[in-house]
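Working notes for the structure below.
Counting from 1, the numbers follow the sequence of the chain as shown. We count ligands from 1, going down the list as the structure has it; atoms in each ligand are counted the same way.
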Amino acid sequence: YPVESIRNFSIIAHVDHGKSTLADRLLEITGTIAKTHHNKQVLDKLQVERERGITVKAQSASLFYSHEGANYLLNLIDTPGHVDFSYEVSRSLSACQGVLLVVDANEGIQAQTVANFYLAFEAQLAIIPVINKIDLKNADPERVEKQIEKLFDIPIDECVRISAKQGTNVEKVLQKVIEKIPPLKALVFDSTFDHYRGVIANIALFGGEIQKGHKVVSAHTKKRYEVNEVGILTPNEQPTHKLYAGQVGYLIAGMKEVTEAQIGDTLFLYKQPVEPLPGFKSAKPMVFAGMYPVDQTEYNNLKSALERLTLNDSSVTVHRDSSLALGAGWRLGFLGLLHMEVFNQRLEQEYNMSVIVTAPTVPYKAVLSSAKLIKEYRKAEITIINPAQFPDKLSVSEYLEPTVLGTIVTPQEYIGKILCDRRAVQKDMLYIDEHRVILKYLFPLNEIVVDFYDALKSLSSGYASFDYEDAGYQAADLIKMDILLNGNPVEELATIIHNDKAYATGKFLCERLKDAIPRQLFEIAIQAAIGKKIIARETLKAYRKNVVAKCYGGDITRRMKLLKRQAEGKKLMRKIGNVEVPRDAFIRVLKRQ
Ligand code: GDP
Ligand code: MG
């Protein structure tokens, strides 16, 4: 394929607006996959993606398309829509010259439509607006086209109206891709790890050609590798003899860790160095949590599972950590709470691991005033990603918390409800049509990290959407709060919070915990404490009746079943002092919903 007949493009959109479905249709039309009724989000290969119905990792596929006597090679990259995974979007865009911006004809422009539009706009890519789901009864493509014109300054007649589900007008989309998206440009834009073959780097070839036996050098690490295999993605890896300039494909070259195939890195032929392509912003963790084996004998198994899983997800950071109550473990950094949940789910499903996860915390900072601590840390400003390391007020001149600039798109009637109690400062407001507004707010990151997205969805009956970007640090009055069960601290629930919110949060956590812990044979005091001072308390009454005695009606099989269930339940419990707590109770307790 000559360079002029190659197009590299991404599909971007707000979550659920139909990217993966459109990708299915494009794969079918071009004969890349057979046309059956079973093709549903074919590019979502991970089990968690299929179960949750969301895309987590960007996936690429090469399509071959003939139009008016010419043959084209179209490299398609499907991207995730949820805010936690937006780094995957910007990573994908660096390998593209154009995008399909998909907008739901019923929901219209949403927060991630705006965020993704600007990512593509700033990268100077060709943008083709695609209005999807025109088959829906409530579809209003005209209204959506007006929003697009008003907000993005794209003429109405450049929009394509389609139904990805039914295949209506999808062929037109391909023609637009060929007409509007310019050819070429390239670099390493993703990498995954395969147990047998090592790192598989997804690359876009900028110039020349590459094949097995070539020696390549990483501009970033200066390490040298011999190429073992090259190929294209259809969407599974299919080896080819060579890759040529303009192609998107993969390369295997004996790299042992994904960090060796850095996103945005440039590879060049040994002894033929080139200028590296412009750099890339790496993913930055926003949420940290401790992770420990349920049983310390599982430590080594968990260690190797973590190593293998992080090889496939270089956006997770890992540090060794240990705790008096939980033993040896790790402190992991994630892009957001969904990212953390997805990671845990993958640990369970793909590696059969069950773990104890502590309350997520954002990265706070402290400016130290104590000479002793400054000496110990060898610096005056430290980052705190573990509540156990929160320095005392007396040894600190100032605490700092991370902030984000959030974009909310919502029907106007929900504005009041949404922001209650989040310490938000309004920065901007713009009407996109008679009913909908875009609002910009500065938020402390900890106010939105755990449950804001879910709360927003439920308060607005699903009509509001949200996206955010990093906005630096601000001074904050912070304290550390502990939760005690009969006087024993629950390490999982130690949190750093804003002083003004201590009483309300303490009370709330105690109440929620009271509901989440099953009654036991003795009374349990549930307390919130700041240092030695108790600021909230709930009491869980003792449990009197015997579950077996009550249900046992002489039926022996029933009795066995109950005992078995009780034993299984015990495995999912954690003991704090003499109190048994279901392991999943803590994360449920932390969500305000
Ligand atoms: P993504 O999150 O952007 O990848 O969205 P998906 O492709 O996973 O689609 C989200 C949901 O919208 C799925 O239930 C699809 O079946 C549905 N959907 C996608 N395209 C259409 C369409 O053209 N019409 C209708 N009615 N539903 C669609
Ligand atoms: Mg998808």
Side-chain angles (χ1 to χ4, degrees), residues 9-29 32-33 35-61 76-93 96 99-117 119-120 127-145 148 159-174 176 235 336 338-339 342 409 453 457 462-463 465-467:
F9 69 102
S10 265
I11 308 183
I12 56 176
H14 190 72
V15 65
D16 274 350
H17 282 197
K19 293 176 297 288
S20 300
T21 308
L22 176 58
D24 289 344
R25 293 297 90 73
L26 294 174
L27 291 170
E28 284 172 9
I29 291 191
T32 310
I33 56 174
K35 198 167 174 172
T36 72
H37 295 295
H38 309 298
N39 292 328
K40 273 210 176 135
Q41 288 99 0
V42 172
L43 293 179
D44 290 343
K45 290 187 228 172
L46 301 175
Q47 188 183 353
V48 355
E49 295 183 314
R50 300 209 145 265
E51 283 177 11
R52 291 179 180 241
I54 55 167
T55 308
V56 168
K57 263 200 101 62
Q59 294 289 352
S60 38
L76 153 71
I77 302 173
D78 182 25
T79 61
H82 190 279
V83 48
D84 277 15
F85 303 104
S86 57
Y87 78 103
E88 285 275 346
V89 177
S90 47
R91 162 195 299 197
S92 310
L93 292 188
C96 291
V99 295
L100 300 175
L101 178 66
V102 176
V103 188
D104 183 308
N106 176 25
E107 290 194 355
I109 289 180
Q110 296 294 330
Q112 276 131 294
T113 319
V114 180
N116 287 332
F117 167 82
L119 286 178
I127 298 170
I128 302 168
V130 176
I131 319 284
N132 187 30
K133 308 198 189 181
I134 56 168
D135 61 294
L136 288 177
K137 216 167 67 221
N138 298 329
D140 190 352
E142 215 158 298
R143 191 186 110 238
V144 179
E145 284 168 1
I148 289 177
C159 298
V160 200
R161 295 181 185 186
I162 67 159
S163 163
K165 194 169 181 179
Q166 299 180 346
T168 322
N169 281 344
V170 172
E171 185 97 30
K172 260 197 200 156
V173 174
L174 282 180
K176 285 268 186 188
L338 179 67
H339 185 214
V342 162
V409 177
Y453 190 78
K457 283 281 163 205
Y463 286 116
S465 58
F466 179 62
D467 198 86

**Q.** Atoms of ligand 1 close to Thr21 [distance to a heavy atom under 4.0 angstrom, numbered from 1]
**A.**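 Counting atoms of ligand 1 from 1, those under 4.0 Å from Thr21 are 6 (P), 7 (O), 9 (O), 15 (C), 19 (C), 20 (N).
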
Q. Looking at Lys19, which atoms of ligand 1 are within less than 4.0 Å of one of its heavy atoms?
A.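 That gives atoms 1 (P), 2 (O), 3 (O), 4 (O), 5 (O), 7 (O) of ligand 1.
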
Contact (N/O only, under 3.5 Å) between [X] and ligand 1:
{"X": "Asp16", "answer": "yes"}
{"X": "Leu136", "answer": "no"}
{"X": "Gly18", "answer": "yes"}

Rounded at 0.5 Å granularity, tell me how far [atom1] in [X] sits from [atom2] in [Y].
{"X": "Leu101", "Y": "Leu119", "atom1": "CG", "atom2": "CG", "value": "11.0 Å"}
{"X": "Leu136", "Y": "Asn106", "atom1": "CG", "atom2": "CG", "value": "6.0 Å"}
{"X": "Phe466", "Y": "Gln110", "atom1": "CZ", "atom2": "CD", "value": "13.5 Å"}
{"X": "Leu100", "Y": "Phe9", "atom1": "CG", "atom2": "CZ", "value": "5.5 Å"}

Q) Pick one: which of His17, His14, Lys133 meets side-chain hydrogen bond (donor to acceptor under 3.5 Å, both in side chains) with Asp104? A)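 Single side-chain hydrogen bond (donor to acceptor under 3.5 Å, both in side chains) partner of Asp104 among His17, His14, Lys133: Lys133.
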
Proximity to ligand 1 by part of [X], non-hydrogen separation under 4.0 Å:
{"X": "Ile134", "answer": "neither"}
{"X": "Ser20", "answer": "both"}
{"X": "Lys165", "answer": "both"}

Q: Determine, considering heavy atoms only, which of Val170, Asp135, Asp104 sits nearest to atom 24 (N) of ligand 1.
A: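 Of the listed residues, Asp135 has the closest heavy atom.
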
Q: List in chain and number order the residues that pass salt bridge (charged side-chain N to carboxylate O under 4.0 Å, His left out) with Glu107, two or more places apart in sequence or in another chain; answer none if no residue qualifies.
A: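 If we apply the salt bridge (charged side-chain N to carboxylate O under 4.0 Å, His left out) test to Glu107, skipping adjacent residues, there are no hits.
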
Using distance only, find each side-chain donor-acceptor pair of residues 159-170 under 3.5 Å and give its atom names and separation, not counting sequence neighbours.
unit_1	atom_1	unit_2	atom_2	d
Arg161	NE	Glu145	OE2	2.8
Arg161	NH2	Glu145	OE1	3.1
Ser163	OG	Asp135	OD1	3.0
Ser163	OG	Gln166	N	3.0
Asn169	ND2	Arg161	O	2.7

